[in-house]
Amino acid sequence: MIPTKQALKRAAELRDLLNEHNYNYYVLDQPVISDAEYDRRLRELQTLEAEHPELITIDSPTQRVGAKPVSGFVPVKHEVPMLSLNNAFGADAVELFDRRIRDLTRVDAVEYAAEPKLDGLAVSLLYERGLLVRGATRGDGATGEDVTQNVRTIRCIPLRLKGESFPPRLEVRGEVFMSHDGFRLLNEEQQRAGAKVFVNPRNAAAGSLRQLDPALAAARPLEMYCYAVGQHENSELPDRQFDLLKLLARWGLRVSPLAEVVTGADGCLAYYDKLAGRRLSLPYGIDGVVYKVNSLALQEVLGNISRAPRWALAHKFPAQEETTEVRGIELQVGRTGAVTPVARLRPVFVGGVTVSNATLHNRSEIERMDIRVGDTVVVRRAGDVIPEIVKVIEQRRPKATRRYRFPDTCPVCAAHIVYEGGEGVIARCSGGLYCSAQRKQHIKHFASRKAMDIEGLGNKIVDQLVDTGLVKDVADLYRLDASAVAGLERMAEKSAGQLIDAITRSRRTTLERFLFALGIPHVGENTARLLATHHGCLESVAESSEDDLQSIPDIGPIVARSIHAFFRQPHNVEVIEKLKSAGVSWPAPRPGSPSTAALPLQGKVFVLTGTLQSMSRDEAASRLTALGARVTGSVSSRTDFIVAGAAPGSKFEKAEKLGITVLDEEGFIGIIGKVTDTNV
Ligand code: JCF
């Protein structure tokens, strides 16, 4: 059947509409029509095309998927080689890069186009008369593979360029990658289907692009940011890299919204710091930033050395994953008896520090991953998190290894280990304070900065004090004399005297510090502060019923039960009495100070981020809690205020996203000052 004029017109309309929607949705991330409407229009076009196959065009949105599986990929020779980038790992290398460019170009302050370096793979797109005709991988830079069918399935890649001003033949280059969410969903799907699970988003993106069946590739959540032009015909390009990016965006191609123009090495380094701070809150992985001399004329002057341009530099973040060997698996016994397995590693530099230990979390984690002594493993350290083992490289497992067996008894005191929690994941030594490991941790906690703040009472000294029997409980600290301490290994007389002075000074404390120092399970600094402000004196806390305790906002049944039980344990009462008779004391409550009266910031939830000029974060938290507010570590929809000091972190961005009130330091002081003046 010959299509009517009307059918022709309608098909063109639908194509434009659907392509426009695709652009709004996948390139701009701003959909303007609903998914349902999109699906309706797509079905209408599919019906039309089924009736009149001659209406099908190469840029029809129905033609993204549907190509037949192939048996291999055809090589593609890159007319203009696809260059790689020189890497830099520190500020010195960036300064050297900028100095060379200044020397070679005689320009004083060089402008750079800076952008994030995506952790994906480089791809070339060829457009002829605005239509996507070929997609190719980088390969070795000279020859890649034709992956057109798979590239066509990537929704943010236009099948037809927008506008008219594009060159008749245009090669665009960029990075194809997978977002963290896309990667997670894909792996969940793969796991359900019993298929291969990918190690990281980069491998998943590379594997997806090299899928032989485009229908499978279509289901992979790939994305792309474009950053360069390769071959192009009969046209003038802008004379700056940044303007080129803007032009690519006008043609409907996706470019990074984080690209910026900066000046000199300082500008580059400031950009690097900014991106490093945002790295973990971005929805996709970046492994550094890229600087390119902004002027294309200067780029020409500078040229390439071997296969990398002299005018560009990849400034890499420290690697977050490295491989190393497991030298041993040891168990650590914490203050409350929790037994945590720890891997001792051959030290490696990862995430900016040298890592020689990684947490193994718990028994089921070791069993799940089957981590063995002698294994080669991938360790990961992202941001400030504790290093952990991501996976075992089984191909590199030596012959004579054995499965790790979690013991039944505490490695320190030989008491039985009991398992708690849903799947018995928490292992706990049942030895209590008879276990010297628990006793040591308890003493370390007691002496720590936010507790009794005994300067100089470090891990090594506590270990010796307990091992020699000089200290059996925290009260014994106040009976130590300088000559006994000076007898410890590597303890000079002077530092022994200083330690005794620090212990003496710690006798004068506050109720909240003392309550925190006691190490009552589930009582952190916040709860200790609440107890101190609501009760005013230790006796009142100790005598409270569980119900009384629960009447304090933010104290729930588990915490109340733990506090109540603590003060009914004879050993604890005895140690508290010993501490008091050794002279540990705190100011009596001010008459008329609030006990259970409503506080001005009662019920308000605050999050602190960044550095404050006028006080430490601890002090800010202390002031807030004293006014009845709760201070938490992470931003959620329940957060009322976020206080952002200098250089705030990702919490700030999250708060902005959630529309939470952000206070700067002045605003914060205003609030605590005002309520302090009028209400307390
Ligand atoms: O994001 C990237 N991985 C990336 C790679 C960004 C760029 O601007 C690049 C690149 C590789 C080569 N530019 C070149 C010239």
Side-chain angles (χ1 to χ4, degrees), residues 78-89 94 97 101 111-125 135-144 154 156-157 170-180 200-206 209 222-232 237-238 240-249 253-262 268 271-272 274-276 278-279 282-296 298-317 319-320:
H78 298 297
E79 299 284 329
V80 180
M82 287 185 80
L83 301 173
S84 54
L85 297 170
N86 285 318
N87 287 329
F89 284 95
V94 176
F97 164 76
I101 289 170
E111 264 190 8
Y112 298 95
E115 62 182 17
K117 183 170 185 300
L118 288 139
D119 200 6
L121 60 152
V123 162
S124 141
L125 307 174
T137 60
R138 175 177 181 275
D140 62 4
T143 309
I154 303 175
C156 71
I157 296 180
L170 171 74
E171 184 198 355
V172 178
R173 293 169 176 181
E175 200 82 356
V176 166
F177 62 96
M178 201 177 279
S179 71
H180 297 311
N200 56 42
R202 207 194 104 78
N203 288 6
L209 213 51
L222 293 175
E223 301 180 41
M224 182 176 190
Y225 278 130
C226 298
Y227 52 66
V229 165
Q231 51 171 318
H232 55 101
L237 290 179
R240 299 188 186 284
Q241 164 71 14
F242 192 74
D243 296 336
L244 182 66
L245 293 178
K246 287 198 287 198
L247 184 60
L248 292 178
L253 294 152
R254 196 159 170 248
V255 298
S256 173
L258 302 175
E260 271 180 41
V261 176
V262 299
C268 291
Y271 182 81
Y272 176 89
K274 184 162 91 176
L275 271 275
R278 294 191 58 172
R279 181 184 190 185
L282 291 177
Y284 45 78
I286 62 175
D287 57 358
V289 296
V290 180
Y291 315 123
K292 292 180 180 174
V293 170
N294 201 21
S295 155
L296 299 195
L298 284 186
Q299 287 187 7
E300 192 98 23
V301 171
L302 288 159
N304 306 328
I305 350 171
S306 69
R307 278 199 264 132
R310 217 184 251 116
W311 43 264
L313 188 70
H315 186 184
K316 304 274 284 254
F317 296 133
Q320 293 191 307

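Both ligands and their constituent atoms are indexed starting at 1 by order of listing. Small disclaimer: the values here were computed from a predicted structure and weren't measured. The chain is numbered in sequence order, starting from 1.
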Asn304 side-chain N/O to Arg307 backbone N/O, donor-acceptor pair under 3.5 Å: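 The answer is no, because no donor-acceptor pair under 3.5 Å joins these two groups.
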Partner residues of Tyr271 under the ring pair (Phe, Tyr, Trp, His ring centres under 6.0 Å) criterion, sequence neighbours left out: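 Tyr271: no ring pair (Phe, Tyr, Trp, His ring centres under 6.0 Å) contacts found.
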Salt bridge (charged side-chain N to carboxylate O under 4.0 Å, His left out) against Asp243, all qualifying residues, sequence neighbours excluded: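 Checked Asp243 against salt bridge (charged side-chain N to carboxylate O under 4.0 Å, His left out); matches are Lys246.
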task: With sequence neighbours left out, write down each residue that passes salt bridge (charged side-chain N to carboxylate O under 4.0 Å, His left out) with Glu223, or none if nothing qualifies.
output: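 Result, salt bridge (charged side-chain N to carboxylate O under 4.0 Å, His left out) vs Glu223: Arg254.
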message: Ring-plane angle category for Phe97 and Tyr112, please: parallel below 30°, perpendicular beyond 60°, tilted otherwise.
response: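 If you compare the ring of Phe97 with that of Tyr112, the planes turn out tilted.
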- prompt: What does the list of residues with a heavy atom under 4.0 Å from ligand 1 look like, ordered by chain and number?
  reply: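 Under the 4.0 Å cut-off, ligand 1 touches Leu83, Leu85, Glu115, Pro116, Lys117, Leu118, Glu175, Tyr227, Val290, Lys292.
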- request: With rounding to the nearest 0.5 Å, note down the distance linking CH2 in Trp311 to CG in Leu298.
  value: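 Answer for the CH2-CG pair, Trp311 versus Leu298, is 12.0 Å.
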